[in-house]
A.B. asks: 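Sharing a structure below in structure tokens format, with a few things to ask.
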Amino acid sequence: MIAQSRPFGQRYAFVVVGVIFLCLLIAAGLRSAPSVMMLPLDKSFGWGRDTVSIAAAIGIFLYGLTGPFAAALMERIGLRRTLLASLVIMSGSTALSLLMTEPWHLFLTWGVFSGIGSGAVATVLGATIVNRWFKTNRGLVMGLMSASSATGLLVFLPLLASLAQSGGWQPVATAVSIATACLLPLVWLLVPERPASIGMVRYGAGADDVPPVSPASQGNFLAHTLNTLRRAAGTRVFWYLFATFFICGFTTNGLVGTHLISFCGDMGIPEVQAAGLLSLMGIFDLIGTTLSGWLTDRFDPRKLLGVYYGIRGLALIYLPYSGFSATSLIIFAVLYGLDWIATVPPTLRLANEAFGDRSGPIVFGWIVAGHQVGAATAAGFGGTMRELQGNYELAFLIAGMTAIVAACLSLLINTSRPAFDPEPQAA
């Protein structure tokens, strides 16, 4: 049992945010690792980029599909238990990959197991923490936790690229496995189940605050998760959010996160230098996503999404024609980096407005699943286009045009009326 007292009063919520930030950061490092392993695996086993892309796509797809079920499971058996089990799966699967000799081993370890494990250590975890621990400042906190993906790129990719360049793919898998295992004691010691577990209320709430109780806390969490999807799918706002987040995934970790290093390699840029470009984007996304959270608390999230997707689309269309000079790549890194994950805070706010605090996190989990379906599609699509055409140019142009479509769709979202009637509150 964890102690029933904690320092800092209501501000202990930020200690929880700090630990979850680290978990999300490591998960981001795990999901980005295949991009630096792509060339070393080709050299070691002769596995083409399309093979590694398929493994990455499987992982990204399951990463997203696991999310809504993980959000419900956190309510049913507890956030700590779910998170600890996921970290064990992540660490174990990446360690097991050190023994792989066949492509299906790659699909199983870096695809199936790491995808399922990291799916609970994802955006839905951040949404659950925000709703459970904060009454106010939600947009800002969600922006900070969403920025962990950018920080993961900033911290891990140069290190992982250096390990891959000097020692091949095995040191990359070892580093990810050890980093994930180190999170287990932090979560066990520092993350209470909820504020009430340590005699507190949510940050920004009064002493009489009664946080919403999810229907998933009782009964069959699988049935509840699927029923929530069924009810949400009957609304137009869900499909607008799902479609825009599908495109978000297609244009971020699916294409750029998986293939940018390889694209740069085609243009004669070494792996470490290309990873540095992703790190530069990570710095600007850390700034942009945190700022996006602050803006989301103050402005119309639909207009923010329109701006974000528009800038992203223009940046992706610009890249193939940039010449890949140092100056042009810096311009791309700034434009693209500022809104890499900046779409998360306004999307979460729109989901909570439409579906309420009780069902919002699970519905948001399904919307995030759309993000990862888009990312998985782009990961496989990018590798296939590279093998068929010999370059990535058309893949990046198509991604840029889809982002422009998402900018238009964002302005059509309407959350002014309840999306569906709430389920009865648990007694």
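These figures come from a predicted structure and were not determined experimentally.
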A.B. asks: State, yes or no, whether a side-chain contact exists between Leu99 and His105 at a heavy-atom distance under 4.5 Å.
C.D. replies: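 When only atoms from C-beta onward are counted, His105 and Leu99 do not touch, as no gap falls below 4.5 Å.
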A.B. asks: Just how far is it from atom NE2 of His259 to atom CE of Met385, taken to the nearest 0.5 Å?
C.D. replies: 11.0 Å
A.B. asks: Assess whether side chain to side chain contact (heavy atoms under 4.5 Å, CB included) is satisfied between Glu353 and Val237, documenting all intermediate values.
C.D. replies: CA-CA 11 Å; Glu353 286 179 357; Val237 65; over 6 Å; no
A.B. asks: Donor-acceptor pair, distance only, cut-off 3.5 Å: does the side chain of Thr377 make one with the backbone of Val373?
C.D. replies: yes
A.B. asks: So, for Pro34 and Leu30, which heavy atoms are closest and what is the spacing to 0.1 Å?
C.D. replies: CD-O, 3.5 Å
A.B. asks: In the structure I gave you, are the side-chain heavy atoms of Thr109 and Trp104 within less than 4.5 Å of one another anywhere?
C.D. replies: no
A.B. asks: Quick check for you: to the nearest 0.5 Å, what is the distance between Thr347 atom OG1 and Tyr240 atom OH?
C.D. replies: 15.5 Å
A.B. asks: Using the test salt bridge (Lys or Arg N to Asp or Glu O under 4.0 Å), find all partners of Asp300 that sit at least two apart in sequence or belong to another chain.
C.D. replies: Arg302
A.B. asks: How close do Leu314 and Ile404 get, heavy atom to heavy atom, and via which atoms?
C.D. replies: N-CD1, 4.4 Å
A.B. asks: Are any non-hydrogen side-chain atoms of Leu83 and Cys23 less than 4.5 angstrom apart?
C.D. replies: yes
A.B. asks: When you measure from the side chain of Ser292 to the backbone N and O of Ala342, does any donor-acceptor pair fall under 3.5 Å?
C.D. replies: yes
A.B. asks: Tell me, do Leu65 and Ile116 make a side-chain contact under 4.5 Å, heavy atoms counted?
C.D. replies: no
A.B. asks: Centre-to-centre under 6.0 Å for Trp239 and Phe246, is that the case here?
C.D. replies: no
A.B. asks: Decide yes or no for Leu79 and Arg132: does some side-chain heavy atom of the first lie under 4.5 Å from some side-chain heavy atom of the second?
C.D. replies: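 Yes, their side chains come closer than 4.5 Å.
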A.B. asks: First locate atom CE of Met100, then atom CG of Leu98, and finally report the distance between them rounded to the nearest 0.5 Å.
C.D. replies: 8.0 Å
A.B. asks: Using only atom types and a distance under 3.5 Å, with no angle test, would you say the side chain of Thr244 pairs donor to acceptor with the backbone of Leu241?
C.D. replies: yes
A.B. asks: Can Phe14 and Phe21 be said to form a side chain to side chain contact (heavy atoms under 4.5 Å, CB included), step by step?
C.D. replies: CA-CA 10 Å; Phe14 290 99; Phe21 183 95; over 6 Å; no
A.B. asks: Using a 4.5 Å cut-off on heavy atoms from C-beta on, say whether the side chain of Tyr12 contacts that of Met200.
C.D. replies: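 The answer is yes, as the side chains (C-beta and beyond) meet within the 4.5 Å cut-off.
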A.B. asks: Just wondering, do Leu229 and Pro68 contact through their side chains at under 4.5 Å, heavy atoms?
C.D. replies: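 They are not in contact (no side-chain heavy atoms under 4.5 Å apart), so the answer is no.
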A.B. asks: Once the angle between the rings of Phe355 and Phe238 is folded into 0 to 90°, is it parallel (under 30°), tilted (30 to 60°) or perpendicular (over 60°)?
C.D. replies: perpendicular
A.B. asks: Run the ring pair (Phe, Tyr, Trp, His ring centres under 6.0 Å) check on Phe250 and Phe245 step by step: do they pass?
C.D. replies: CA-CA 8 Å; Phe250 192 93; Phe245 234 37; over 10 Å; no
A.B. asks: So how far is it from Leu348 CG to Thr296 OG1, rounded to the nearest 0.5 Å?
C.D. replies: 9.0 Å
A.B. asks: Specify the closest pair of heavy atoms between Thr51 and Leu106, including all atoms of both residues, with the distance to one decimal.
C.D. replies: O-CD2, 4.5 Å
A.B. asks: Within 45 degrees of the axis of the six-membered ring of Trp133 and under 6.0 Å from its centre: does Arg194 put its NZ or CZ there?
C.D. replies: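 Verdict for Trp133: no cation-pi partner in Arg194.
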A.B. asks: Tyr336 and Thr252: which non-hydrogen atoms are nearest, and at how many Å?
C.D. replies: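 Minimum heavy-atom separation between Tyr336 and Thr252: OH-CA, 3.1 Å.
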A.B. asks: Please verify the inter-ring angle class for Trp366 with Phe69; under 30° counts as parallel, over 60° as perpendicular, anything in between as tilted.
C.D. replies: perpendicular
A.B. asks: Apply side chain to side chain contact (heavy atoms under 4.5 Å, CB included) to Leu277 and Leu260, showing your working.
C.D. replies: CA-CA 9 Å; Leu277 178 64; Leu260 183 62; 4.0 Å; yes
A.B. asks: Identify the residue among Thr343, Leu338, Leu335 that makes a side-chain contact (heavy atoms from CB on, under 4.5 Å) with Arg312.
C.D. replies: Thr343
A.B. asks: Could you measure the distance from the CD1 atom of Ile362 to the OG1 atom of Thr128? Nearest 0.5 Å is fine.
C.D. replies: 8.5 Å
A.B. asks: Under 3.5 Å, side-chain donor or acceptor atoms of residues 169-184 against the rest of the protein: list the pairs with distances, not counting sequence neighbours.
C.D. replies:
| from | atom 1 | to | atom 2 | distance (Å) |
| --- | --- | --- | --- | --- |
| Thr174 | OG1 | Gln170 | O | 3.0 |
| Ser177 | OG | Ser91 | O | 2.9 |
| Ser177 | OG | Ser91 | OG | 3.3 |
| Thr180 | OG1 | Val176 | O | 2.8 |

A.B. asks: Are Pro346 and Phe299 side-chain neighbours, meaning at least one heavy-atom pair lies under 4.5 Å?
C.D. replies: no
A.B. asks: For Ala274 versus Cys264, what's the shortest heavy-atom pair and its separation?
C.D. replies: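 Distance-wise, the nearest heavy atoms are CB-CB, 3.7 Å.
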A.B. asks: Provide the closest heavy-atom pair for Phe113 versus Ser93 in the form atom of the first, atom of the second, distance.
C.D. replies: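 Between these two residues, the closest heavy atoms are CB-CB, 3.4 Å.
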A.B. asks: Can you check whether Tyr392's main-chain N or O pairs, donor with acceptor, with Asp266's side chain at less than 3.5 Å?
C.D. replies: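 Flag not set: sc Asp266 to bb Tyr392 has no pair under 3.5 Å.
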A.B. asks: Would Val52 and Met37 count as a side chain to side chain contact (heavy atoms under 4.5 Å, CB included) if you check the C-alpha gap in whole Å, the side-chain angles of each, and the deciding distance to 0.1 Å?
C.D. replies: CA-CA 8 Å; Val52 181; Met37 295 169 62; 5.7 Å; no
A.B. asks: Enter the distance from Thr235:OG1 to Asn414:CG here, rounded to the nearest 0.5 Å.
C.D. replies: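 One gets 11.0 Å once the value is rounded to the nearest 0.5 Å.
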A.B. asks: Between Phe396 and Phe263, is the gap from one ring center to the other below 6.0 Å?
C.D. replies: yes
A.B. asks: Ignoring hydrogens and angles, state whether a donor on the side chain of Arg349 or Asn352 is under 3.5 Å from an acceptor on the partner side chain.
C.D. replies: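 No, no side-chain donor-acceptor contact under 3.5 Å.
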A.B. asks: So does Ile287 get a backbone contact from the side chain of Thr290, meaning a donor-acceptor N/O pair under 3.5 Å?
C.D. replies: no
A.B. asks: With no hydrogens and no angle check, just 3.5 Å: does a side-chain donor-acceptor pair link Tyr309 and Ser410?
C.D. replies: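 No pair is found: no donor N or O on one side chain lies under 3.5 Å from an acceptor on the other.
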